[in-house]
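Below you'll find the structure, written out as structure tokens, and then a few comments.
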2 protein chains.
Amino acid sequence: MAEVRNTDTRERILDAAERLFMAHGYDGTSMRQITGEAGVNLAAVNYHFGAKETLMQEVFRRRLDWLNDERMRVLDQLEAEAGDQPVKPSAIVDAFFGTLLRMAEDETRGGVTFLRLLGRTLTEPSEFIRAFLAHEYKAVMDRYKEALFRALPEVPKAEIVWRFHFMLGATSYAIAGTDALRLVTDWQIEDEDSTDRIDRLVPRLMSFLLGGLRAQLPQFPDVPQ
Amino acid sequence: MAEVRNTDTRERILDAAERLFMAHGYDGTSMRQITGEAGVNLAAVNYHFGAKETLMQEVFRRRLDWLNDERMRVLDQLEAEAGDQPVKPSAIVDAFFGTLLRMAEDETRGGVTFLRLLGRTLTEPSEFIRAFLAHEYKAVMDRYKEALFRALPEVPKAEIVWRFHFMLGATSYAIAGTDALRLVTDWQIEDEDSTDRIDRLVPRLMSFLLGGLRAQLPQFPDVPQ
DNA sequence: TTATAGTTCAAACGAACGTATGAATTATAA
DNA sequence: TTATAATTCATACGTTCGTTTGAACTATAA
């Protein structure tokens, strides 16, 4: 019996879905667009993935499993090297966001397409994908949060959590909007080809994130903290 | 003749559309949901706004006209006060992002609902809304960009533009995700009621943005700058 | 070869979509 | 009051949506 699943059709569907969900969003992409671009029969999605929602989850799982493992692995290594000392904030930020951004250079891991999909999905979470991402992300997030608490003992934990949010936002946006935002703002940034742009985006964003993370603590106007 | 338009039905539709587009996105919201929530007839949207796309544009125009005017007004005032000196970066950032965030406290200007809609729309720009936002935003963006160039003469202009992007991202995300992101990350941030949360979000985000804007310049690995 | 499980296919399902229509109703101005 | 414009309404149009079906086809194992 043919127990080995036909991976070709599955992969073609996942690739097409990833690109189309990135470009037009979940609701803006139809099954007919996906199967058309993948060059497979309309019924193939339901046969291989059950439903459109399950397909969306598979699109994410295919990439996030590796990303989360890698993030865990890098942080494990950093903490092992540091011994009982806390890991430097810059190393933690690079392990979390740098690992993500460097996926863009690896076409076999989705490249910029997946990163943009992730970026836009985090700001438009449908109920079903929100629950899925929460489950996929929780363990990694908690590990990094704890690492930042240890790395920045003088900063209140609530501030660290907020700044982690802000860093996520700046990163999602930087990825999702590498082209889109330029059209919104209509700004010519530089004469760089696209690979160069990604190469330079990482140090640029990293500087920004670290500056924000280590910024002077906020002063609350009336209510005492 | 009744030249005065019936503003009541129009406003009810705009309010419902604003909330639903925020919650479910443009493609995820149907005309029947909008008219149902607004308590008006299905045909009312097409009668008053022509089409769904035009309605979306009106939802934005209603809020952005005021926001852009206010941003211009505040920057005018800052530059007048500064004379021929450049305006401080912190004042520019507050004029741009603080003005936006303080809309959240004003329910008559859309409150948090519109801010979240704006935040999520900037990462999922359909062709038609992208073109619309580019047109609406261009003049204000250029003014602020020039102000930042003057305020930070020692920072390369390309870096300033990138960091403006990053600030936009952190802000959009902070707004769009005040609730959504918490569910993704599943973090309890603090025991704050919602008004208190907005009050404190402004100085928190402002500290982060300024830290990022004034961060150490990035070092590019191989290629010399 | 034959039996069986896996996969593809064309076609269709009912539901929901955005939009249009023309009659009914309401408001305004003469 | 009457004439006219503005607005609301129930209803329907043609399309597209996600999903299902059962037959056809393909690959595997006996």
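Proteins get letters first, then strands, A, B, ... in listed order; numbering begins at 1 in each.
- Side-chain proximity of A:Ala43 to D:dG18, C:dC9, C:dG18: nearest is C:dC9.
- A cation-pi arrangement is absent between B:Lys145 and B:Phe164, since the terminal nitrogen or guanidinium carbon is not both under 6.0 Å from the aromatic centre and inside a 45° cone about the axis.
- When rounded to the nearest whole Å, the span between CG of A:Asp27 and P of C:dA16 equals 15 Å.
- The CG-P distance, from A:Asn46 to D:dG22, rounds to 15 Å in whole Å.
- Residue B:Thr29 is in sugar-phosphate contact alone, with no base atom involved, counting any heavy-atom pair closer than 4.0 Å across all strands shown.
- The side chain of A:His48 contributes no N or O atom lying less than 4.0 Å from OP1 or OP2 of C:dG6.
- OP1 and OP2 of D:dT7 both lie 4.0 Å or more from every side-chain N or O belonging to B:Thr9.
- Of the candidates D:dC9, D:dT7, D:dT21, D:dT7 carries the atom nearest the B:Tyr47 side chain, counting heavy atoms from C-beta on.
- Distance, B:Arg12 CZ to D:dT7 P: 16 Å, rounded to whole Å.
- Annotation: of the two residues near DNA chain C, A:Leu42 and B:Val45, the 5′-most nearest-nucleotide partner is A:Leu42.
- Between A:Tyr26 and A:Phe128, a ring centre-to-centre spacing shorter than 6.0 Å is recorded.
- Atom CE in B:Met31 sits roughly 20 Å away from atom P in D:dT11 (whole-Å rounding).
- Note on ring orientation: taking the six-membered ring where Trp is involved, the planes of A:Phe166 and A:Trp162 are tilted (angle from 30° to 60°).
- Residue A:Ser30 has no polar side-chain atom (N or O) positioned under 4.0 Å from OP1 or OP2 of D:dT16.
- Side-chain contact between B:Arg71 and B:Tyr137 is present, with at least one heavy-atom pair separated by less than 4.5 Å.
- Following rounding to the nearest Å, A:Asn41 (CG) and D:dC25 (P) show an atom-to-atom distance of 14 Å.
- Taking atom CZ on B:Arg10 and atom P on D:dA6, their separation rounds to 14 Å, with Å as the unit.
- What separates CD of A:Glu53 from P of D:dT19 is a distance of 8 Å, to the nearest Å.
- Across the protein-nucleic acid pair, B:Arg32 atom CZ and D:dA10 atom C1' stand 12 Å apart, rounded to whole Å.
- Under a 4.0 Å N-O distance rule, the pair B:Glu79/B:Arg143 qualifies as a salt bridge.
- Comparing the axis of the opening five pairs of the helix from C:dT1-D:dA30 to C:dA30-D:dT1 with that of the closing five pairs yields an angle of 10°, rounded to 10°.
- In summary, A:Asp69 and A:Arg73 do not engage in a salt bridge, as defined by a charged side-chain N under 4.0 Å from a carboxylate O.
- Partner of A:Val40 under the side-chain contact (heavy atoms from CB on, under 4.5 Å) criterion, chosen from A:Val45, A:Ile34, A:Ile13: A:Ile13.
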